[in-house]
Amino acid sequence: MKLNELNIFKNEKETLDFIRTNNLNLVSKTSSFEIKILTQIENLFLNYFQGKKLNLYDEIKNLQIELEIKAKFKTEFTQKVINALLDLKSGEITTYYDIGNKINSKAYRAIGNVCKSNPIPLIIPCHRVLRKNGEIGGFMGKSDKTWETDLKKQLLRIEGYKI
DNA sequence: CTACGCTCAGATA
DNA sequence: TATCTGAGCGTAG
């Protein structure tokens, strides 16, 4: 099974709007094999949201799910950023500045842009990257005080990081 | 080539 | 402290 996108919505209405505008079905032509995998994914995230320390990237791969992210991250720069992100464990944080140091680049803003284009938040943990001055920074394309940045804080709290 | 952005450091009040 | 400004650099158009 392949996964190329993980979307997070503000509320049920936004979720339903997305499903409608993209002509999606909640469950369509789903085989029992797929149901089994989907159930495992559901349990994985339930555990994660209850505070269990999990490496979602590893867990997803263990379920034999292929992540279709190569097309999006094909330059050396973007791959370095992604690899640096994947090194982060649950409860661990870093900064855009530190990632820059790690990959030998001062393109801090460009690093943020890579995070912005992350099609699978949580699994590639962009939420663990903060600004150097301690501010929360952006999340899922949004900055300032938005539900997205609130969610970023919540995720860190769930992972046990004091914020 | 130009414009843009999940940034940073420095300046100013 | 809060807000602004320019530097900096990869990417999309």
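A note on names: the letters A, B, ... follow the listed sequences, proteins ahead of strands, and every chain is numbered from 1. Since this is a predicted model, take the numbers as computed values, not measurements.
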> Among C:dT11, B:dA9, B:dC6, which is the nearest nucleotide to the side chain of A:Asn113?
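For the A:Asn113 side chain, the nearest candidate turns out to be B:dC6.
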
> Are A:Arg109 and B:dC6 close enough that a side-chain N or O sits under 4.0 Å from OP1 or OP2?
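Answer is no, no contact under 4.0 Å.
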
> Kindly say if A:Lys132 contacts the phosphate of B:dA9, meaning a side-chain N or O under 4.0 Å from OP1 or OP2.
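It does, given that an N or O in the side chain of A:Lys132 lies less than 4.0 Å from OP1 or OP2 of B:dA9.
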
> Distance check needed: B:dC6 P versus A:Leu85 CG, whole Å only.
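A:Leu85 atom CG is separated from B:dC6 atom P by 15 Å.
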
> Below 30° counts as parallel, above 60° as perpendicular, anything between as tilted: where do the rings of A:Phe139 and A:His127 land?
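Because their plane-to-plane angle is over 60°, the rings of A:Phe139 and A:His127 count as perpendicular.
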
> Could you please name the option among B:dC6, C:dG8, C:dT11 that lies closest to any side-chain atom of A:Cys126?
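In terms of side-chain proximity for A:Cys126, the closest of B:dC6, C:dG8, C:dT11 is B:dC6.
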
> Separation of A:Glu148 atom CD from B:dG5 atom C1', in whole Å?
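Going from CD in A:Glu148 over to C1' in B:dG5 covers 16 Å.
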
> Tell me whether the side-chain N/O atoms of A:Thr75 come closer than 4.0 Å to OP1 or OP2 in C:dT11.
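Affirmative; the distance criterion is met.
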
> For A:Ile136 and B:dC6, give me the distance from atom CD1 to atom C1', rounded to whole Å.
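That distance rounds to 10 Å.
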
> Name the nucleic acid region contacted by A:Lys116, choosing base, sugar-phosphate or nothing; use a 4.0 angstrom heavy-atom cut-off, strictly under.
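Touches a base.
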
> With a 3.5 Å limit on both atom pairs, tell me what B:dC6 is paired to, counting Watson-Crick and G-U wobble, or say none.
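Checking every strand shown, B:dC6 finds no partner, since no pair has both distances under 3.5 Å.
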
> Do A:Tyr48 and A:Glu159 have a side chain donor and acceptor closer than 3.5 Å?
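Looking only at side-chain atoms, A:Glu159 and A:Tyr48 do form a donor-acceptor pair, the distance falling under 3.5 Å.
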
> Take atom NZ in A:Lys53; do more than 12 heavy atoms of anything else shown fall under 6.0 Å from it?
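Atom NZ in A:Lys53 is packed in, count exceeds 12.
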
> With a non-hydrogen cut-off below 4.0 angstrom, is A:Thr149 in contact with a base, only sugar-phosphate, or nothing?
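No contact.
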
> For A:Asp58, is there an ion pair with A:Lys61 - N to carboxylate O distance below 4.0 angstrom?
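So A:Lys61 does not pair with A:Asp58 through a salt bridge.
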
> Of the nucleotides B:dC8, C:dG10, B:dC6, which has the atom closest to the A:Tyr96 side chain?
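Looking only at side-chain atoms, A:Tyr96 lies closest to B:dC6.
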
> May I have the distance from A:Asn133 (atom CG) to B:dG10 (atom P), rounded to whole angstrom?
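Rounded to whole Å, this separation is 13 Å.
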
> Quickly work out the A:Leu122 CG to B:dC6 C1' distance and round it to whole Å.
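My rounded result for the distance is 15 Å.
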
> Out of curiosity, does A:Ile65 fall in the hydrophobic cluster containing A:Tyr57 (side-chain heavy atoms, cut-off under 4.5 Å, transitive links)?
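Same cluster: A:Tyr57 reaches A:Ile65 through Ile, Leu, Val, Met, Phe, Trp or Tyr contacts under 4.5 Å.
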
> Send over the distance from A:Ile111 CD1 to C:dT11 P, rounded to a whole Å.
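Rounded to the whole Å, the gap is 11 Å.
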
> Between A:Ile82 (CD1) and C:dG10 (P), how many Å, whole number?
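Going from A:Ile82 (CD1) to C:dG10 (P), I get 16 Å.
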
> Over how many whole Å does the gap from A:Met140 atom CE to B:dG5 atom P extend?
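Those two atoms, CE and P, are 18 Å apart.
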
> Just call it for A:Gly141: base, sugar-phosphate, or nothing, with non-hydrogen atoms closer than 4.0 Å on any strand.
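If one applies the 4.0 Å heavy-atom cut-off, A:Gly141 turns out to touch a base.
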
